[in-house]
Amino acid sequence: MSANKDKLYIFDTTLRDGEQSPGASMTKDEKMRIGKALERMRVDVIEAGFPAASPGDAESVQAVAEIVRDSTICGLARALDKDIDIAAEALKPAASKRIHTFIATSPIHMQTKLRMEPDQVVEQAVRAVKRARGHTDDVEFSAEDAGRSEFDFLCRIVEAAIDAGANTINIPDTVGYNLPSQFGDLIRRLRENIPNSDKAVFSVHCHNDLGLAVANSLAAVLNGARQVECTINGLGERAGNAALEEIAMSVRTRQDVFPCNVDLETTEIINCSRLVSTITGFVVQPNKAVVGANAFAHESGIHQDGVLKNRETYEIMKAEDVGWNTNRMVLGKHSGRNAFKARLKEIGIDFAREEELNSAFSRFKDLADKKHEIYDEDLQALVSEVIHDSVKERFKLVGMRVCSETGETPVAQVTLLVDGKEQSISAEGGGPVDATFKAIESLVKSGCDLQLYSVNNITTGTDSQGEVTVRLDKRGRIVNGQGSDTDIVIASAKAYLNALNKALQTGERTHPQAASQI
Ligand SMILES: CC(=O)SCCNC(=O)CCNC(=O)[C@H](O)C(C)(C)COP(=O)(O)OP(=O)(O)OC[C@H]1O[C@@H](n2cnc3c(N)ncnc32)[C@H](O)[C@@H]1OP(=O)(O)O
Ligand SMILES: CC(C)C(=O)C(=O)O
Ligand SMILES: [Mg+2]
């Protein structure tokens with residue numbers, strides 16, 4: 001971090017607020033694994049739980065406090081002596097511990113939830129902070145629902161909490177109600193109006209009910225907040241909290257704007273994200289910033305061409321900086337020739353002749369119309385086809401129609417170009433592939449014996465290509481043919497014809513009867 005920049009403290013609450021997300025509760029072991037991952041990322045503070053919530057939660061906080069040595073471990077507590085004492089007990093093994101106590105300050109929360117007068121709320125906050133200071137020097141006070149609290153009352157309670165010994169003041173937008181300019185202003189005005197504001201670090205804790213958690217947090221940072229409370233993948237109560245990875249990478253990437261920086265090992269972000277997603281079962285959406293599978297993937301030809309020439313044309317961060325192996329060029333129907341050629345080169349395929357590349361590229365586009373993503377294995381199959389095509393093709397598939405119905409004998413109608421002339425025929429068979437081969441054979445009359453037929457999925461998924469291998473024996477001469485297609489019956493026909501084209505190469509003659517028919 002540059003010497004003239006402030007430090008922005010990262011307070012991760014995945015194990016506490018994140019766990020409050022319905023369906024995301026974690027076992028002690030899981031919390032310990034996430035705690036260690038956060039420590040590896042060098043998160044400043046890990047809020048490990050709410051020890052008074054249950055004996056199990058207290059045990060988890062204690063376990064995390066025992067094994068994490070390099071981050072401060074924090075426990076949440078209501079502004080109640082018993083919650084604070086339970087939190088202090090759970091935090092005992094921590095190398096560095098913080099008690100985080102809170103009470104709501106908005107009119108609606110005070111009147112209808114706490115059923116307390118504002119004076120009583122201030123008194124209870126002060127008592128709680130003092131109680132917490134009896135256990136540790138590191139005390140955080142949160143004014144719950146600060147985003148909907150009256151400004152003057154907020155100033156009053158924060159000033160009192162700082163006087164009582166709180167060294168971090170957290171301003172939560174508990175219900176995600178604020179807008180960025182408004183929330184940034186709130187932080188600036190609090191810091192300007194509270195006489196002892198310089199005695200505490202101002203923190204923010206934003207929820208994502210309107211999708212503004214990160215924007216509000218960053219606006220607060222631009223207005224003097226120096227701690228952000230956030231969670232991995234934005235996990236948290238209702239629509240979640242501000243996503244740690246988005247906060248960290250925004251600040252890192254826009255150092256031209258932020259007067260502070262995070263001190264994180266950002267290359268651990270992906271590991272943490274995957275771990276939290278696996279443990280909670282909350283899948284990360286592919287288009288999620290920073291950690292989504294598509295965050296560093298390019299499919300469209302113009303973007304791929306730009307990135308190949310200069311990565312920064314379409315990337316503002318490096319995939320490697322957040323823990324991806326690399327950025328990703330996805331070959332699909334929007335890809336262009338440059339990306340196609342570059343990928344082939346990477347997998348060791350370099351066409352000597354421009355026509356071969358053109359032929360492979362047009363096959364690639366045809367395939368991409370049928371299949372979402374083209375993998376390296378698809379490219380290999382496609383290239384084999386181009387190479388097979390350089391074998392003189394006497395027999396070429398023009399079209400086919402196969403009818404396969406329960407209780408009926410399958411029928412295949414095949415149209416071939418045989419030595420340049422179009423021929424069609426139908427045949428029945430034991431199955432659609434058998435019917436297809438019989439139809440082809442009754443046109444070509446090769447006299448070959450089918451020795452082997454095998455189908456492989458080139459990639460996974462029901463839209464993946466099937467690659468078929470056919471082995472034919474032409475009077476002792478063995479030839480193999482391959483064909484691939486998203487339709488395995490078509491792939492089978494292609495493979496059979498490819499083998500026939502090899503078996504009946506120049507010098508070879510078709511059966512005299514067949515020749516007369518052709
Ligand atoms: C915005 C946030 O994320 S806040 C944190 C939310 N996290 C949790 O709630 C953790 C899980 N919670 C629990 O396990 C339980 O709610 C407990 C153990 C904390 C409390 O359980 P109970 O004692 O059964 O109380 P219950 O949950 O029904 O009601 C909460 C009580 O705490 C009071 N309370 C709420 N916040 C505070 C606070 N910050 N300080 C003091 N009292 C508070 C409420 O007014 C209510 O009091 P009442 O019983 O006199 O009406
Ligand atoms: C306990 C506080 C910090 C909280 O989670 C909130 O207000 O959202
Ligand atoms: Mg919260």
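All values below come from the heavy atoms of this structure, side chains included, with hydrogens, waters and symmetry mates left out.
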Neighbour count above 12 (heavy atom, 6.0 Å) for Lys288 NZ: yes
Can you check salt bridge (charged side-chain N to carboxylate O under 4.0 Å, His left out) on Arg33 and Glu30, steps first, answer last? CA-CA 5 Å; Arg33 282 168 64 201; Glu30 290 167 342; 5.7 Å; no
For the residue pair Asp145 and Thr174, confirm or rule out a side-chain donor-acceptor distance under 3.5 Å. no
Going by the rule ring pair (Phe, Tyr, Trp, His ring centres under 6.0 Å), which residues pair with Phe50 if we only count those two or more places apart in sequence or in a different chain? none
Provide the closest heavy-atom pair for Ser273 versus Ile232 in the form atom of the first, atom of the second, distance. CA-CG2, 3.6 Å
Counting only heavy atoms not in Lys370, do more than 12 fall under 6.0 Å of its NZ? yes
Side-chain donor-acceptor contact under 3.5 Å, Lys5 with Gln255: yes
Sidechain-backbone polar pair: Gln304 side chain, Val330 backbone, donor-acceptor under 3.5 Å: yes
Establish, from distance only, whether the side-chain atoms of Asn223 and Arg189 form a donor-acceptor pair under 3.5 Å. no
Counting only heavy atoms not in Lys341 (residues, nucleotides, ligands), do more than 12 fall under 6.0 Å from its NZ? no
Regarding Thr231 and Thr14, do their side chains bring together a donor and an acceptor under 3.5 Å, going by distance alone? no
Mind checking ring pair (Phe, Tyr, Trp, His ring centres under 6.0 Å) for His135 and listing every partner two or more places apart, or none if nothing turns up? none
If the test is side-chain hydrogen bond (donor to acceptor under 3.5 Å, both in side chains), which one of Asn216, Asp17, Asn178, Asp173 qualifies with His207? Asp17
Could you check Asp138 against Lys97 for salt bridge (charged side-chain N to carboxylate O under 4.0 Å, His left out), going step by step and ending with a plain yes or no? CA-CA 7 Å; Asp138 188 350; Lys97 58 170 172 264; over 6 Å; no
Is the count of non-hydrogen atoms from other residues, nucleotides or ligands lying under 6.0 Å from Leu308 atom CG greater than 12? yes
Pi-cation contact, Tyr9 with Lys7 (under 6.0 Å, within 45°): yes
Nearest heavy-atom pair of Arg191 and Gly224: which atoms, and what distance? NH1-CA, 3.4 Å
Can you see whether Glu315 engages Asn327 through a side-chain donor-acceptor pair at a distance of less than 3.5 angstrom? yes
All heavy atoms of Ser71 vs all of Val43, minimum pair found to be OG-O, 2.8 Å
Could you tell me which non-hydrogen atom of Val129 sits nearest to which non-hydrogen atom of Ala161, and how far apart they are? CG1-O, 3.7 Å
Over all atoms of both residues, closest heavy-atom pair of Glu66 and Pro93: CG-CB, 3.5 Å
Using a distance-only test with no angle check, is there a side-chain donor-acceptor pair under 3.5 angstrom linking Ser203 and Gln227? yes
Distance only, no hydrogens: is a donor on one side chain within 3.5 Å (strictly under) of an acceptor on the other, for Thr13 and His205? no
Return yes if a side-chain donor-acceptor contact under 3.5 Å exists between Glu144 and Ser142, otherwise no. no
Ignoring hydrogens and geometry beyond distance, is a side-chain donor-acceptor pair present between Asn287 and Gln285 at under 3.5 Å? yes
Give me the atom names and distance for the closest heavy-atom approach of Ile488 to Gly466. CG2-CA, 3.9 Å
Straight-line distance of Lys318 NZ to Thr326 OG1, nearest 0.5 Å: 11.0 Å
Does a donor on one side chain sit under 3.5 Å from an acceptor on the other, for Asn358 and Glu355? no
Leu452, CG atom: more than 12 neighbouring heavy atoms under 6.0 Å: yes
Report, as yes or no, whether the 6.0 Å neighbourhood of atom CZ on Arg148 holds more than 12 heavy atoms from other residues, nucleotides or ligands. yes
Hey, which of Thr486, Asp485, Asp378 is the one that makes side-chain hydrogen bond (donor to acceptor under 3.5 Å, both in side chains) with Gln465? Asp378
Does atom CZ of Phe282 have more than 12 heavy-atom neighbours from other groups under 6.0 Å away? yes
Rounded distance (nearest 0.5 Å) linking atom CE of Met317 with atom OG1 of Thr266: 10.5 Å
